[in-house]
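All remarks here apply to the structure that follows.
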Amino acid sequence: MDLSPLLHTFLPSPSPSYCSSSSHRPLLLLSKISVSAPRISHFSNSFSPIRRWNVCSASSSETLVAGSRKENGKTGEAVTKKEDDEFGDLKAWMHDNGLPPCKVILEEKPSHDKNHRPIHYVAASEDLEVGDVAFSVPNSLVVTLERVLGNETVAELLTTNKLSELACLALYLMYEKKQGKKSFWYPYIRELDRQRGRGQLAVESPLLWSEDELDYLSGSPTKKEVLERAEGIKKEYNELDTVWFMAGSLFQQYPYDIPTEAFSFEIFKQAFVAVQSCVVHLQKVSLARRFALVPLGPPLLAYRSNCKAMLTAVDGAVELVVDRPYKAGESIAVWCGPQPNSKLLLNYGFVDEDNRYDRLVVEAALNTEDPQYQDKRMVAQRNGRLSIQAFYVYAGKEKEAVLDMLPYLRLGYVTHPSEMQSVISSQGPVCPVSPCMERAMLEQVADYFKRRLAGYPTTLSEDEFLLADGNLNPKKRVATQLVRLEKKLLHSCLEVTIDFINQLPDHTVSPCPAPYAPLLR
């Protein structure tokens, strides 16, 4: 994942009037809160003064790193070289603050954009074998909701009320960045700035793309997902002031302006995306600790869908045990979870060509205008289906996916009441339909896949031609990779459906009209 521009652009530069103590403290600030004012008041007793952690400041300097922008005609590399010498790298800072000896180093590779600084990544410092502990980051260097709020009980209570952990962590980093080098987390924030929210694999999340760049995803359902996620982030932002006003007495640790005055929406969105791209979902921990920001974790670690290694919470630390051998200098990867490529692009800005979890969704729905809708709905539920049912198509399993849809669609094509009664009294999902109905159903499925393919502005062969261009814009490249994989799945499903049509025993039968055919979308 990549965060380089993020903390620089989304985390505002510090203002001397906002600087306070150099120690890092809990942020008594929550987002996306939907509880009433009296409940907040009820919580206030739990927010007793929180002791400050005994840690050293990163620096007393009042200026923030210039990030990767060009300033005064100089590149970010030139602007920040002095600070690199002054503070050392992230790993050195971590060792100074409790990181035990480990088996990794920070290496760098060029950025896609020549105006941006090289990207750091975690590599093996020596040959590693399966089962080796690459590193173990102490909890004192891990940021969780529990730490931000300073009270595990309150954090868990708020989490169960479906607050956004990501928004809370993003806001915490923004307030910390306001302190500049006085913040304990300055070296970590500086590294996130450098990564620009991309990670080492690709580009920024589409949440940060322009409208023209989002058009690279035309025809893909991912474009709608991006817009919906952006709207959700906007709602998060609009609720920040409500929390601040309802619980203003809790913000004495950060005596700044209310959130929307201190930070614009664009800054908050960039911070949110930065946290989204590097947050780790820990298992077997309390709710207040399940989302964590781990230095040396993503975006410095590569994400792979075929990897089994995960960052794991152990006693007093978060550690990484490698799942494969590595030679010294090789980039170390972790598992990104069972996410399709659409989510990998949205969350982390990359597409995995070998992602066995990649899939397309086909949504089928019984026709609500059908006089027998309620009976069909009952039969569907009896067989583990819903009136609006999602079917997942995985690469290499397109035939199985289409076969899985057919019984549900046949149910939708049943028209005569006597046939419906026969279905109700039978066991299993068997719905007898006439040959002409079977043809009508399969042709509807084929037309659906053709319609989806026609929704893309480019063909599969045109995508292949674009990807062969070594100078293709990085955002357009990753978007083209995504839509190409989607089209391959759709083409395979269409071929399977046409094959089923060709296997029908009587090709002279015309498809029957179906006034209440199920809907496909």
Side-chain angles (χ1 to χ4, degrees), residues 1-3 6-7 10-11 24-34 53 135-177 185 188-189 191-192 195 197 199 205 207 229 232-233 235-237 239-240 243 259 268-301 303 309-314 316-320 334-339 343-344 346-349:
M1 283 63 337
D2 244 43
L3 284 128
L6 280 171
L7 290 180
F10 64 129
L11 299 188
H24 56 297
R25 340 170 247 300
L27 167 65
L28 300 178
L29 190 64
L30 309 174
S31 64
K32 197 175 180 181
I33 191 163
S34 57
W53 298 311
F135 58 76
S136 181
V137 179
N139 286 344
S140 59
L141 292 174
V142 176
V143 184
T144 63
L145 193 61
E146 174 190 348
R147 181 163 205 169
V148 168
L149 297 174
N151 185 304
E152 180 176 359
T153 302
V154 173
E156 289 200 14
L157 179 60
L158 294 171
T159 302
T160 56
N161 279 316
K162 302 187 188 310
L163 299 180
S164 167
E165 295 96 333
L166 299 190
C168 189
L169 291 171
L171 199 54
Y172 177 63
L173 289 183
M174 288 194 296
Y175 274 120
E176 282 295 318
K177 180 160 183 175
W185 298 106
Y188 180 45
I189 291 174
E191 186 61 46
L192 295 181
Q195 296 300 114
S205 164
L207 289 166
R229 178 78 66 86
I233 296 174
K235 291 179 180 178
E236 297 261 21
Y237 178 76
E239 290 169 350
L240 296 181
V243 179
F268 175 74
K269 182 171 75 169
Q270 291 171 11
F272 189 98
V273 172
V275 170
Q276 170 186 271
S277 70
C278 66
V279 72
V280 174
H281 192 180
L282 298 176
Q283 306 294 319
K284 299 179 181 179
V285 297
S286 65
L287 291 175
R289 296 180 57 215
R290 63 177 178 173
F291 289 106
L293 302 178
V294 185
L296 293 185
L300 297 172
L301 289 172
Y303 268 144
M310 298 173 60
L311 287 167
T312 306
V314 295
V318 175
E319 71 175 19
L320 174 64
V334 292
W335 186 44
C336 53
Q339 301 185 65
K343 291 294 188 293
L344 294 182
L346 180 61
N347 293 332
Y348 314 122

Grab the two heavy atoms, one from [X] and one from [Y], that are nearest each other, plus how far apart they are.
X	Y	value
L320	M310	CD1-O, 3.8 Å
L293	V279	CD2-CA, 3.8 Å
V142	A292	CG1-CB, 3.8 Å
T144	L169	C-CD2, 4.0 Å
V285	A313	CG1-CB, 3.4 Å
W335	Y303	O-CE2, 3.6 Å

Can you tell me how far apart [atom1] ([X]) and [atom2] ([Y]) are? Round to the nearest 0.5 Å.
X	Y	atom1	atom2	result
L141	Y188	CG	OH	10.5 Å
R229	L346	CZ	CG	4.0 Å
E146	N139	CD	CG	8.5 Å
C278	N347	SG	CG	11.5 Å
L166	E236	CG	CD	8.0 Å
M174	Q270	CE	CD	10.5 Å

Heavy atoms, side chains only, cut-off 4.5 Å: are [X] and [Y] in contact?
X	Y	value
E191	P295	no
L311	F135	yes
F291	L145	no

**Prompt:** Between V318 and V280, is a side-chain contact (heavy atoms from CB on, under 4.5 Å) present by the stated rule, with each step listed?
**Reply:** CA-CA 10 Å; V318 175; V280 174; 5.7 Å; no

**Message:** Classify the ring geometry of F268 against Y237: parallel below 30°, tilted from 30° to 60°, perpendicular beyond 60°.
**Reply:**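 Judged by the thresholds at 30° and 60°, the geometry between F268 and Y237 is tilted.
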
